[in-house]
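Read the structure below first, then the notes.
Note that the structure is a prediction, hence the values are computed from the model and not measured.
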Amino acid sequence: MNHWLTAAPILVPLTTAALCMLAWNYPVVQRVLSLAGSVTLVVLAGILAATTLNDGIQVVQMGAWAAPFGITLVADPLSALMIVIASIMGLCCAVYALGDIDPVRERGGFHPIFQVLMVGVCGAFITGDLFNLYVWFEVMLISSFVLLSLGGTKVQIDAAVKYVAINLVATACLLLAVALLYGITGTLNMADLSQRLPQVANQGLVSAIAVLFIIAFGMKAALFPFFFWLPAAYHTPAVAVQAIFAGLLTKVGVYSLLRVFTLIFIGDTGWTHSILLWMAGITMIVGALGSLATRDLTRAWSWQVVAHIGSMVMGLAIATPLALAATAFYLVHDIVVKTNLFLSAGLVRRLSGGEDTAFARLGGLFKAAPWLCVLLFIPLASLAGFPPLSGFWGKLLLVKAGLETQHYAMVAALLVSGLLTIWLVGRVWAEMVWKAPVQPPAALLASMARGRAYALMLPLVLLSLITFGIGVNPDRLLSVAAQVGASLHDTSAYVEAVLGGKAEPVPTLVGELQHQAGDRP
Amino acid sequence: MMDSLILRTGVRILLPLMLLFSIFILWRGHHEPGGGFVGGLICAVGFALHALAFGIDAMRRVLKADPRTILGAGLLLGILSGFITVPTGEPYMTAQWVGGLGTPVLFDIGVYLVVVGGVLAMVCALMEEGGA
């Protein structure tokens, strides 16, 4: 029975997408399907996570093809956690879209393509095969191209061109790296790779391939110096799309880095992980500075996405169990907060009645919608890292992990980045909430149909509650994060679950050839 | 739309031939090179030629169904073909064989429909935008 559960994160959104396409000309049916599919995904993801955390790693060999040859789906603690949080974000954005999406975009196929995006995200989280990961990246990218340009305004096309260009390069890098890895090991199953890579004779080549992976996933995750496309693209599409992009897409890159650099490339950590460390440190600072340099709410949040990617990769680069647990905790916190911030920025834009969210247009939110301010205070304060909200715990764990391993410069960078973020949050609060508005905000929500207003507000309430809940009662998530950290640090359970039993050391083709060449007189 | 007597006459003969050939390729893919993707492309090219010769509206009339509905139906068929393993308790997508005939052919028909639907949806969008 469990193998159906493990395949569910792919099957549920895929089936939803297919059904939505069949109902192409009936938007109402599509809405119902999209909502039902998202709720089902959340429920099944929750059951899958509970099963994984209690009973150990869940593995299914698709089509009953045995492990290194077929495609394996693996739900380990990290995958299960990511799928739960992704499915909740999917639900929130799907609900928000019901209230926000315009008829043109809806007729253009927003609902089915959104579900296809969720297929790609969940597939990337659950797959145990490197080439399959590449395929899910493609699924995710193609649907995100469509979502980004859906609506067809001039800024959107401009952003989509940049986004497509950078992602084509990243994808080419990824494909090249996967092909090279297959060339030297003859396998693409991640667990199998982790067994075979140490036996490759030419370890220099392995390190070179590792750097290619850093470049490919670094572009997806928007790490320095590959981050420039993100602030150029993320503010243009529909709000629900912005939110799901900001919440999930870059985090899939972080997840892939986490997976690959804890399971596969752990031979030359002095080289690969110090590259990651440098990139993480600079990303934190550059992202925070960028967010201060812009005078637009959505753009500032886009830069903040970049800044916090740095914090997560810092945990990965330090790579102690505590640091990995901190990364897992931070991922969950950041996904929830960023999705919330982008959704609320969309609402703020509607309230100020404008086309964009430039600071000059904002203001007077406290008078117009005091309850919204209270709601907004939670993600903002959590972003800044005020105790007792979730961001504080994430930063605390990272600082502790950094100090334990004497990474003082990184801790300093993290704290400076945090300080700059507090500055930004203060400025946003002053501009958005306190400042007298240029024009009085419209009483928009009151004039809206009941259902629409609820659809816009419910996701914000839910996300803020999650952030608040994690903040005041972090124990549950901390214990899960500790489990994730331990499973990433010691991957033998993962390998055993996938390959079944102790893996025999197998000499690789290249190793053999070189060995033979050496034997020859 | 190209107003050419030669093309129109040619397409009248070509379309049924291409459809037959596409189904042959689809069927051949069960055991030999071929399959749903190539077959679907051949079928889609046949309809695209029809659209070039007689216009997009005529093509839609011949096709009967909306290309996007065909796409969705194909996707659904592909997904459902994997669920045939439910009674046997094997993992998703495990092939079930009865004599020489297996469930992969159902998946392949799904791929065929997805390709036909996808390509024709693009053709329709491009030709309608171009005013043809």
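- With chain B as partner, the option from A:A18, A:G109, A:G70, A:A17 having the largest number of non-hydrogen pairs under 4.5 angstrom is A:A18.
- Only the side chain of B:I79 comes within contact range of chain A, judged by heavy atoms closer than 4.5 Å.
- We find that B:D108 and B:R28 are not joined by a salt bridge, their nearest charged nitrogen and carboxylate oxygen being 4.0 Å or further apart.
- Ring centers of A:W4 and B:F83: under 6.0 Å apart, within the cut-off.
- For the ring pair (Phe, Tyr, Trp, His ring centres under 6.0 Å) with B:H30, the lone residue among B:F24, B:W97, B:F107 that qualifies is B:W97.
- Looking at A:L14, the atoms closer than 4.5 Å to chain B (heavy atoms on both sides) sit in the backbone and in the side chain alike.
- You'll find the ring centres of A:Y134 and A:F137 outside the 6.0 Å limit.
- Using a 4.5 Å cut-off between heavy atoms, B:V114 makes no contact with chain A at all.
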